[in-house]
Peer 1: 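Supplied in structure tokens, the structure appears directly below.
From a predicted model like this one, the values you see are computed outputs, not experimental measurements.
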Amino acid sequence: VDRRRRPRAALFAHRSLALKSTIFKADLAVADIDRGYYADHALTLARHPSETDERMMVRLLAFALHADERLEFGRGLSTDDEPDLWRRDLTGAVEQWIDVGLPDERDVRKACGRADEVHVYAYGGRACALWWAKAGPALARQDRLAVHEVPQEASRALAKLAARTMKLQYTVQDGHV
């Protein structure tokens, strides 16, 4: 097909089919008594069209639990070789790799080879148990890996807090938020 002969409207019609991310703003106040970390963060979150409010809010929870001035969001669901969150040192080496959900076991092992610490925040109720039953035996051997399960009632409660503009306060004490 000769593109020069296509009507102008047809050339632009296919470009508008791609759905765009929804932008959320979060003012996050973190008081992490366990780490002695107290700071405010003005965050911009891009929620991929296929991402749920629940997943986005678990990403925000993971940020609060590991808050640091160098912690940043990855490029998102459409990028395979980046985590949901990561912290790199000044040379670009990955200090922390943080994934949300139920990632592929091979991807987690690869992350353990690239980063000093890897954290997975699994959520989804019964799906977490099924994922761990399958991936757990191989992942249990990874000494740089910590897997945290976010209880389903907690992740669903977080999802209800999702709004385009949010002001949230997280207090972490004795391992509890």
Side-chain angles (χ1 to χ4, degrees), residues 17-30 32 35 37 39-124 127-128 131-132 134-136 138-139 142-152 154-156 158-159 161-170 172 177:
L17 294 177
L19 298 174
K20 295 181 179 177
S21 293
T22 304
I23 302 300
F24 288 77
K25 301 282 186 178
D27 288 329
L28 185 67
V30 178
D32 190 333
R35 293 189 298 142
Y37 181 85
D40 295 329
H41 297 271
L43 303 173
T44 300
L45 292 99
R47 190 186 75 200
H48 190 273
S50 67
E51 184 176 34
T52 64
D53 284 344
E54 184 177 21
R55 186 179 192 287
M56 179 187 70
M57 294 302 286
V58 173
R59 279 195 300 139
L60 199 54
L61 171 66
F63 185 96
L65 291 169
H66 298 275
D68 185 273
E69 50 276 348
R70 288 188 324 228
L71 185 63
E72 58 185 315
F73 291 102
R75 285 187 280 179
L77 293 173
S78 59
T79 307
D80 291 336
D81 61 341
E82 280 190 17
D84 292 304
L85 295 149
W86 56 0
R87 187 183 77 222
R88 295 177 279 188
D89 67 13
L90 297 175
T91 68
V94 181
E95 295 176 328
Q96 276 187 328
W97 181 289
I98 302 167
D99 273 326
V100 170
L102 308 173
D104 184 74
E105 172 253 325
R106 286 173 283 147
D107 293 339
V108 175
R109 284 189 290 120
K110 192 184 323 180
C112 289
R114 290 182 62 188
D116 297 338
E117 291 177 34
V118 176
H119 295 271
V120 173
Y121 286 87
Y123 69 96
C128 288
W131 171 76
W132 187 251
K134 182 180 176 189
L139 295 180
Q142 301 296 323
D143 60 341
R144 296 179 180 187
L145 175 65
V147 177
H148 316 272
E149 182 179 358
V150 178
Q152 192 167 28
S155 63
R156 286 184 176 165
L158 284 171
L161 297 175
R164 296 289 297 269
T165 304
M166 299 176 271
K167 288 183 184 261
L168 302 167
Q169 298 175 347
Y170 285 86
V172 183
V177 180

Peer 1: In Å, rounded to the nearest 0.5 Å, how long is the span from OG1 of T22 to CE of M56?
Peer 2: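 One finds 9.0 Å between OG1 of T22 and CE of M56.
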
Peer 1: Taking salt bridge (charged side-chain N to carboxylate O under 4.0 Å, His left out) as the cut-off, I'd like each qualifying pair that reaches into residues 62-74, sequence neighbours left out, listed once.
Peer 2: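 Checked against salt bridge (charged side-chain N to carboxylate O under 4.0 Å, His left out) - neighbours excluded - the pairs reaching residues 62-74 are R70-E95, E72-R88.
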
Peer 1: Can you tell me which residue among L139, I98, L145 is in a side-chain contact (heavy atoms from CB on, under 4.5 Å) with V120?
Peer 2: L145

Peer 1: Is E51 salt-bridged to R47, cutoff N-O under 4.0 Å?
Peer 2: no

Peer 1: If you round to the nearest 0.5 Å, how far is SG of C112 from CD of E117?
Peer 2: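 It is 11.0 Å, given to the nearest 0.5 Å.
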
Peer 1: Listed by chain and number, what are the side chain to side chain donor-acceptor pair (under 3.5 Å) partners of H66, not counting sequence neighbours?
Peer 2: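 So H66 forms a side chain to side chain donor-acceptor pair (under 3.5 Å) with Q96, Y121.
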
Peer 1: Heavy atoms only: give me the nearest L161-M166 pair and the separation to one decimal.
Peer 2: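 Looking at all heavy atoms of both residues, the closest pair is O-SD, 3.8 Å.
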
Peer 1: Determine whether the aromatic ring centres of residues F73 and F63 are separated by less than 6.0 angstrom.
Peer 2: yes

Peer 1: Before you tell me yes or no, could you show the steps for Q142 and R109 under side-chain contact (heavy atoms from CB on, under 4.5 Å), namely the whole-Å CA-CA distance, both residues' side-chain angles and the distance that decides it to 0.1 Å?
Peer 2: CA-CA 7 Å; Q142 301 296 323; R109 284 189 290 120; 3.5 Å; yes

Peer 1: Applying ring pair (Phe, Tyr, Trp, His ring centres under 6.0 Å), can you list everything that pairs with Y123, at least two apart in sequence or on another chain?
Peer 2: none

Peer 1: Are V30 and Q169 packed together at the side-chain level, in the sense that at least one heavy-atom pair is separated by less than 4.5 angstrom?
Peer 2: no

Peer 1: Assess the residue pair T44 and K25 against the criterion (side chain to side chain donor-acceptor pair (under 3.5 Å)); give the C-alpha distance rounded to whole Å, side-chain angles, the decisive distance to 0.1 Å, and a yes or no.
Peer 2: CA-CA 5 Å; T44 300; K25 301 282 186 178; 3.1 Å; yes

Peer 1: To check you understand the geometry: which heavy-atom pair defines the closest contact between P151 and E149, and what is its length?
Peer 2: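 Smallest interatomic distance, heavy atoms only, reads CD-O, 3.4 Å.
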
Peer 1: Looking at every heavy atom in both A64 and R35, which two are closest together, and how far apart are they?
Peer 2: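 Shortest heavy-atom separation between A64 and R35 comes out as O-NH2, 4.4 Å.
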
Peer 1: For side-chain contact (heavy atoms from CB on, under 4.5 Å), just list the numbers for W132 and V147, CA-CA rounded to whole Å, side-chain angles, deciding distance to a tenth of an Å, and then say yes or no.
Peer 2: CA-CA 9 Å; W132 187 251; V147 177; 3.8 Å; yes

Peer 1: Measure across R144 and A115 and return the closest heavy-atom pair with its distance rounded to 0.1 Å.
Peer 2: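 The pair with the smallest heavy-atom distance is NH1-O, 3.0 Å.
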
Peer 1: Taking it one step at a time, do L168 and L60 satisfy side-chain contact (heavy atoms from CB on, under 4.5 Å)?
Peer 2: CA-CA 10 Å; L168 302 167; L60 199 54; 3.4 Å; yes

Peer 1: Which distance, rounded to the nearest 0.5 Å, do you find between the CG of L28 and the CG of L61?
Peer 2: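 Atom-to-atom, L28:CG and L61:CG are 9.5 Å apart.
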
Peer 1: Would you give the length of the straight line joining atom CG of L45 to atom CZ of R164, rounded to the nearest 0.5 angstrom?
Peer 2: 11.5 Å

Peer 1: Find the distance between NE2 (H119) and CH2 (W97) and round it off to the nearest 0.5 Å.
Peer 2: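 If we round to the nearest 0.5 Å, H119:NE2 and W97:CH2 are 13.5 Å apart.
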
Peer 1: Is there a donor-acceptor contact under 3.5 Å from the side chain of H41 to the main chain of L43?
Peer 2: no

Peer 1: Say whether, by atom type as modelled, one donor and one acceptor occur between the side chain of D84 and the main chain of V100 under 3.5 angstrom.
Peer 2: yes

Peer 1: Is a side-chain N or O of W131 found less than 3.5 angstrom from the main chain of P103, in a donor-acceptor match?
Peer 2: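 Here the side-chain-to-backbone pair exists.
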
Peer 1: Evaluate the criterion side-chain contact (heavy atoms from CB on, under 4.5 Å) for residue pair L65 and V172; output intermediate values, then yes/no.
Peer 2: CA-CA 7 Å; L65 291 169; V172 183; 3.9 Å; yes

Peer 1: What heavy-atom pair brings A46 and R59 nearest, and what distance separates the two atoms?
Peer 2: O-NH2, 3.3 Å

